[in-house]
Amino acid sequence: MKLDKLIFYLLNHKIANPVFDVLMPFITSDFNLRVFLVFVWLGLLIFGGRTGRIVAILLIPAIAISDQLSSHILKPLFGRIRPCHELENVRLLVPCGSGLSFPSSHAVNSFTVATLLSKFYRKYLVYLFSLAFLISFSRVYVGVHYPADVLAGMMIGFVVGIFIFYLWIYSVELYKNKIKKKFEKT
């Protein structure tokens with residue numbers, strides 16, 4: 001935990017600069033992220049063809065699972081207090097919030113989305129994970145999460161994204177086999 005606090009202060013204080021002081025609160029804003037996600041979701045649904053519609057539909061349970069797992073199961077289980085509530089001299093650039101800290105729901109959700117999208121749109125993998133990393137990093141920079149909260153959130157989000165993708169693949173294969181058996185009987 002000492003290393004976590006040391007890295008927190010490094011990212012929250014030592015690399016502070018006027019550009020990040022404007023950019024990171026914008027990136028980490030719940031409202032901005034939701035608006036962005038709605039545009040991505042609508043873009044997939046309207047312009048993405050069959051694959052886009054599949055991904056748009058899969059994003060609904062993916063985000064629901066990742067957010068509920070993070071906010072309603074893991075955070076109460078671990079009960080970690082946010083750094084802005086327990087450390088001194090935190091550069092707090094957004095409201096601290098009353099919620100718990102571990103894992104970062106922003107990290108879980110953004111990595112779930114990036115992982116799921118990257119399984120369908122490989123050519124955007126670097127951009128998707130770069131954005132998810134930036135969102136996750138912003139949580140430490142603005143003073144509301146420890147680095148371990150974000151790192152755990154990134155890993156959990158990756159696992160949830162992979163889980164949803166392979167659950168979809170498994171479901172498709174089950175359906176194909178069911179149809180195949182039906183035609184073999186006739």
Side-chain angles (χ1 to χ4, degrees), residues 1 3-5 7-8 11-12 24-45 53-87 90-120 128-171:
M1 289 304 194
L3 180 61
D4 205 20
K5 289 179 184 176
I7 296 170
F8 171 82
L11 299 177
N12 183 250
M24 293 304 160
F26 179 82
I27 289 170
T28 208
S29 162
D30 282 337
F31 177 79
N32 294 342
L33 292 173
R34 286 184 182 124
V35 168
F36 178 73
L37 188 58
V38 165
F39 277 113
V40 168
W41 190 80
L42 287 172
L44 289 167
L45 204 57
R53 288 188 295 277
I54 290 168
V55 175
I57 291 167
L58 290 175
L59 280 172
I60 296 168
I63 294 169
I65 290 168
S66 69
D67 196 60
Q68 294 303 304
L69 175 65
S70 171
S71 298
H72 298 288
I73 296 172
L74 297 175
K75 283 187 180 193
L77 180 68
F78 290 101
R80 188 174 196 193
I81 306 299
R82 291 180 182 266
C84 46
H85 285 304
E86 71 176 0
L87 298 180
V90 172
R91 290 182 66 250
L92 190 58
L93 302 178
V94 297
C96 187
S98 58
L100 297 169
S101 191
F102 185 89
S104 163
S105 294
H106 278 68
V108 173
N109 293 334
S110 63
F111 268 80
T112 295
V113 170
T115 302
L116 186 58
L117 286 172
S118 72
K119 296 302 277 180
F120 288 91
L128 293 165
F129 282 104
S130 294
L131 180 59
F133 177 81
L134 196 58
I135 292 165
S136 301
F137 166 78
S138 74
R139 303 304 287 166
V140 179
Y141 187 87
V142 301
V144 296
H145 279 288
Y146 290 102
D149 304 340
V150 166
L151 189 59
M154 294 161 85
M155 291 186 287
I156 293 164
F158 180 79
V159 169
V160 172
I162 292 291
F163 172 76
I164 294 295
F165 176 74
Y166 284 108
L167 185 61
W168 166 252
I169 297 298
Y170 178 73
S171 299

Exercise. Give a yes or no on whether the backbone of A148 and the side-chain of D4 come within a donor-acceptor separation of less than 3.5 Å.
Key: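 Yes, D4 side chain to A148 backbone: donor-acceptor pair under 3.5 Å.
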
Quiz item: For the side chain of S29 and the backbone of P25, is there at least one donor-acceptor N/O pair under 3.5 Å apart?
Solution: no

Is [Y] close to [X] at the side-chain level, that is, under 4.5 Å between some pair of heavy atoms?
X	Y	answer
I162	K119	yes
P83	S101	yes
V90	F8	yes
L74	V108	no

Practice problem: List the steps, then state whether side-chain contact (heavy atoms from CB on, under 4.5 Å) holds for R82 with L87. | Solution: CA-CA 9 Å; R82 291 180 182 266; L87 298 180; over 6 Å; no

Practice problem: Sequence neighbours left out, what passes ring pair (Phe, Tyr, Trp, His ring centres under 6.0 Å) with F78? Give chain and number order. | Solution: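 Partners of F78 under the ring pair (Phe, Tyr, Trp, His ring centres under 6.0 Å) test: F102.
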
Self-check item: More than 12 heavy atoms of other groups within 6.0 Å of F129 CZ
Solution: yes

Quiz item: Above 12 or not: heavy atoms from other molecules or residues under 6.0 Å from CZ of F163?
Solution: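 No, CZ of F163 has 12 or fewer neighbouring heavy atoms, counting only those of other groups under 6.0 Å.
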
Self-check item: Positive for side-chain hydrogen bond (donor to acceptor under 3.5 Å, both in side chains) with S105, one of S66, S70, S110
Solution: S70

Quiz item: Can F165 and L116 be said to form a side-chain contact (heavy atoms from CB on, under 4.5 Å), step by step?
Solution: CA-CA 6 Å; F165 176 74; L116 186 58; 4.0 Å; yes

Distance-only criterion, 3.5 Å: show the donor-acceptor pairs between side-chain atoms of residues 30-39 and protein atoms not counting sequence neighbours.
{"from": "D30", "atom 1": "OD1", "to": "H106", "atom 2": "NE2", "distance (Å)": "2.9"}
{"from": "N32", "atom 1": "ND2", "to": "F26", "atom 2": "O", "distance (Å)": "2.9"}

Quiz item: Can you check side-chain contact (heavy atoms from CB on, under 4.5 Å) on W41 and I60, steps first, answer last?
Solution: CA-CA 9 Å; W41 190 80; I60 296 168; 3.9 Å; yes

Practice problem: Heavy atoms only: give me the nearest L100-G79 pair and the separation to one decimal. | Solution: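 The pair with the smallest heavy-atom distance is CD1-CA, 3.8 Å.
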
According to the salt bridge (Lys or Arg N to Asp or Glu O under 4.0 Å) rule, which pairs have a member within [range], sequence neighbours left out?
range	answer
residues 108-118	none
residues 96-118	none
residues 129-154	R80-D149
residues 63-75	none

Self-check item: Ring centers of F158, F111 separated by less than 6.0 Å
Solution: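 Ring centroids of F158 and F111 are no less than 6.0 Å from each other.
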
Exercise. Check the pair I54, W168 against side-chain contact (heavy atoms from CB on, under 4.5 Å), reporting the backbone distance first and the verdict last.
Key: CA-CA 9 Å; I54 290 168; W168 166 252; 3.6 Å; yes

